[in-house]
2 protein chains.
Amino acid sequence: MIKVVVVEDHPIMVEGLKNILRSDAGIEVSGAYGDGKSVLQALEKGQPDVILMDVNLPDISGVNLCGEVKKKYEDIKIIALSIHDEQPVIHSMLQNGASGYVLKNALGNEIIHAIYAIMDGEEYLCSSTKEALKNADMELLKAIPRITRREKEILQLIGKGLTTMQIADQLFISTHTVESHRKNLMEKFGVNNTTSVVKLASEYKLL
Amino acid sequence: MIKVVVVEDHPIMVEGLKNILRSDAGIEVSGAYGDGKSVLQALEKGQPDVILMDVNLPDISGVNLCGEVKKKYEDIKIIALSIHDEQPVIHSMLQNGASGYVLKNALGNEIIHAIYAIMDGEEYLCSSTKEALKNADMELLKAIPRITRREKEILQLIGKGLTTMQIADQLFISTHTVESHRKNLMEKFGVNNTTSVVKLASEYKLL
DNA sequence: AAAAGAATCCCGGAAAACAGGGGTTTTATC
DNA sequence: GATAAAACCCCTGTTTTCCGGGATTCTTTT
């Protein structure tokens with residue numbers, strides 16, 4: 001009997017998943033949690049074989065949660081569940097130890113397949129995910145950039161529509177410094193204007 | 001017996017909704033469709049009392065679908081289902097004839113409440129939605145801006161990270177013209193730089 | 001504890017975007 | 001079929017961002 005824990009903040013979705021998994025005799029849903037904190041607590045008292053984990057949670061990003069869980073309990077297999085098929089998101093999840101990536105528009109039995117596949121030690125990607133990764137070799141693929149505290153702060157202010165000067169005033173630093181951070185953000189995101197940075201940051205839920 | 005049709009492109013979500021609605025004796029799910037086109041076709045052969053409609057569909061925006069359905073079948077009540085609680089999205093759905101707006105992180109029985117409430121002729125907003133609308137009087141609230149074909153085209157190119165000159169070259173128009181469109185976009189979105197336009201457009205799924 | 005690497009800070013000139021003006025052609029509406 | 005409104009087009013001067021640098025402090029890693 002494979003023990004599965006669901007981490008997902010949409011109750012209706014949880015209901016759907018439970019229902020689908022119930023239909024398989026070899027799988028047992030041993031718990032469902034709506035945010036990162038409560039799973040981490042629950043895991044201290046006992047571990048499942050597999051965690052089905054939504055990438056977008058209210059309290060912590062799925063990428064980070066995935067990393068934390070894997071650090072503490074390396075035997076637990078993690079399947080990422082997401083609405084998005086952005087390459088960097090997929091890549092970051094896999095780098096952080098996820099064994100599978102399934103889009104939420106997948107059919108129910110795709111999830112069951114995924115569970116059995118990863119219990120066999122395989123890596124499972126749903127068809128749309130594979131499609132998204134097809135013409136990009138995994139080595140060159142860039143993950144979600146790791147940005148610093150200060151950069152994040154500035155990114156958020158830029159996202160609010162403030163100009164460099166307004167940001168400089170607010171943070172009591174020179175406009176040149178703000179521009180320097182702006183430049184580094186463009187560098188890290190691999191683009192050459194702020195607009196693209198904000199667009200990507202918004203896609204990766206960094207704002 | 002209240003006949004309900006579900007429009008939602010995530011099969012797992014559909015499964016969850018069906019399961020929840022099944023538990024209520026007065027409600028019957030008479031159909032489920034994954035995109036706008038198939039619902040419109042199905043409606044020609046018979047109408048339900050209520051449509052539970054996801055705002056983000058693969059082929060058409062929920063806002064437009066809502067408008068179309070209401071134009072042809074004004075008696076069908078529509079409840080919008082969404083992950084987002086952005087004011088302009090909520091406002092646009094209600095303006096297009098939706099009678100309810102429920103966030104996907106709502107509990108299952110909230111959906112059932114919503115269905116009964118709107119069948120009684122009420123308007124139903126889930127608690128988080130109400131929260132989002134609280135400090136903004138409905139009159140002043142701005143809807144998602146209506147942008148023209150050309151503007152959309154330019155918005156998308158800007159979103160790709162192209163500069164004004166690159167866009168001008170690609171569309172065989174003057175850079176001045178591109179800047180003019182850019183200006184109008186800022187005007188319509190009520191902001192004063194392109195970055196904010198792209199951020200909002202991305203939130204409203206206009207890209 | 002030293003070196004390498006990040007992160008935060010600063011500068012000046014070139015290249016864009018922005019603001020505020022005006023004009024013509026489509027598209028609805030009466 | 002007139003007319004008003006919207007869409008689309010263009011221009012000039014000012015402001016902001018971009019991009020080439022470089023310096024100093026934190027933080028890791030060895």
Side-chain angles (χ1 to χ4, degrees), chain A residues 64 67-68 71 92 95-96 142-202 206-207, chain B residues 64 67-68 71 92 95-96 142-202 206-207:
Chain A
N64 294 335
E68 285 194 37
K71 202 159 62 188
S92 294
Q95 268 200 334
N96 274 273
K142 50 178 178 302
I144 298 174
R146 200 172 66 79
I147 62 175
T148 69
R149 226 173 301 116
R150 197 58 153 177
E151 281 165 356
K152 190 177 178 187
E153 196 171 5
I154 277 150
L155 177 54
Q156 282 165 343
L157 293 173
I158 293 173
K160 278 192 193 163
L162 303 192
T163 68
T164 294
M165 215 204 291
Q166 290 172 316
I167 296 172
D169 281 358
Q170 191 164 330
L171 300 180
F172 303 109
I173 54 180
S174 150
T175 55
H176 297 295
T177 304
V178 177
E179 285 183 344
S180 183
H181 287 298
R182 188 194 284 275
K183 183 177 35 173
N184 291 335
L185 283 167
M186 288 190 278
E187 176 97 46
K188 288 189 179 179
F189 279 86
V191 297
N192 45 15
N193 58 252
T194 306
T195 301
S196 299
V197 170
V198 169
K199 187 182 158 233
L200 291 174
S202 145
L206 259 42
L207 289 177
Chain B
N64 294 337
E68 284 194 37
K71 202 159 61 187
S92 294
Q95 270 201 334
N96 274 272
K142 50 178 178 302
I144 297 174
R146 200 173 67 80
I147 61 176
T148 69
R149 226 175 302 112
R150 197 59 154 175
E151 282 164 354
K152 189 176 178 188
E153 195 171 4
I154 277 151
L155 177 54
Q156 283 164 342
L157 293 173
I158 292 173
K160 277 192 191 161
L162 303 191
T163 67
T164 294
M165 215 205 290
Q166 290 172 317
I167 297 171
D169 281 358
Q170 191 164 328
L171 300 181
F172 304 108
I173 54 180
S174 150
T175 56
H176 300 294
T177 305
V178 177
E179 287 185 341
S180 183
H181 286 298
R182 187 194 285 275
K183 181 177 38 173
N184 292 334
L185 283 167
M186 290 190 276
E187 175 98 45
K188 288 189 179 179
F189 279 86
V191 297
N192 43 16
N193 57 254
T194 307
T195 301
S196 299
V197 170
V198 169
K199 188 180 158 234
L200 290 174
S202 146
L206 259 42
L207 289 177

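Chain identifiers are assigned alphabetically (A, B, ...) following the order of the sequence lines, protein sequences preceding nucleic acid strands; residue numbering begins at 1 within each chain.
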*Let me know the distance between CZ of B:R149 and P of D:dC8, rounded to the nearest Å.*
7 Å

_Helix axis bend for the helix from C:dA1-D:dT30 to C:dC30-D:dG1 - C1'-based end axes, five pairs, 10° rounding_ = 70°

*Could I get the full list of side-chain hydrogen bond (donor to acceptor under 3.5 Å, both in side chains) partners for B:S92, not counting sequence neighbours?*
none

*Spacing between A:I154 atom CD1 and D:dT17 atom P, to the nearest angstrom*: 12 Å

*Quick one: A:E153 CD to C:dA7 P, roughly how many Å, whole number?*
15 Å

*Salt-bridge criterion met for B:R150 and B:E153 (N-O under 4.0 Å)*: yes

*Between A:T148 and C:dT8, does any side-chain N or O lie under 4.0 Å from OP1 or OP2?*
yes

*Does OP1 or OP2 of D:dA7 have a side-chain N or O of B:K188 closer than 4.0 Å?*
yes

_Measure CZ/B:F172 against P/D:dC9 and give the value in whole Å, please._
13 Å

*Is the phosphate of D:dC11, meaning OP1 or OP2, less than 4.0 Å from a side-chain N or O of B:H176?*
yes

*asked:* Quick one, B:L171 with B:I154, criterion side chain to side chain contact (heavy atoms under 4.5 Å, CB included). Give me CA distance, side-chain angles, the key distance, then yes/no.
replied: CA-CA 9 Å; B:L171 300 181; B:I154 277 151; 3.8 Å; yes

*Letter per nucleotide, 5' to 3', of nucleotides 15-22 of chain C [B base touched, S only sugar-phosphate touched, - untouched; heavy atoms, 4.0 Å]*: -SBBSBB-

_Taking only side-chain N and O atoms of A:H181, does any of them lie within less than 4.0 angstrom of OP1 or OP2 on C:dC9?_
yes

*Return the minimal non-hydrogen interatomic distance between A:N192 and A:M186, and the atom names on each side.*
C-SD, 3.6 Å

*asked:* Checking B:T195 against A:T194 for the side-chain hydrogen bond (donor to acceptor under 3.5 Å, both in side chains) test, could you report, in this order, the C-alpha distance in whole Å, the side-chain angles of both residues, the deciding distance, and whether it holds?
replied: CA-CA 7 Å; B:T195 301; A:T194 306; 5.5 Å; no

*Within this structure, what is the CG-to-P distance between A:L171 and C:dT8, rounded to whole angstrom?*
11 Å

*B:T177 side chain near D:dC10 phosphate (N/O to OP1/OP2, under 4.0 Å)*: yes

*Can you see which heavy atom on B:N184 is nearest to which on B:E151, and at what distance?*
CB-OE2, 3.7 Å

*Does any N or O in the side chain of A:K188 come within less than 3.5 Å of the main-chain N or O of A:R146, such that one atom is a donor and the other an acceptor?*
yes

*asked:* Working note: A:T163 + A:Q166, criterion side chain to side chain contact (heavy atoms under 4.5 Å, CB included); need CA distance, chi angles, decisive distance, verdict.
replied: CA-CA 5 Å; A:T163 68; A:Q166 290 172 316; 3.5 Å; yes

*At under 4.0 Å, does any side-chain N or O of A:T175 touch on OP1 or OP2 of D:dT16?*
no

*Would you mind reading off the distance between A:E187 atom CD and C:dT8 atom P, rounded to a whole angstrom?*
15 Å

*State, to 0.1 Å, how close A:L206 and A:Q156 come at their nearest heavy-atom pair, and which atoms those are.*
O-NE2, 4.3 Å

*Between atom CG in A:N184 and atom C1' in D:dC19, what is the gap in whole Å?*
12 Å

_Length of the line joining B:K152:NZ and D:dA7:P, which is rounded to integer Å_ = 14 Å

*Within less than 4.0 Å of OP1 or OP2 of D:dA7, is there a side-chain N or O belonging to B:R146?*
yes

_Closest contact, heavy atoms only, A:A201 versus A:F189_ = N-CE2, 4.0 Å

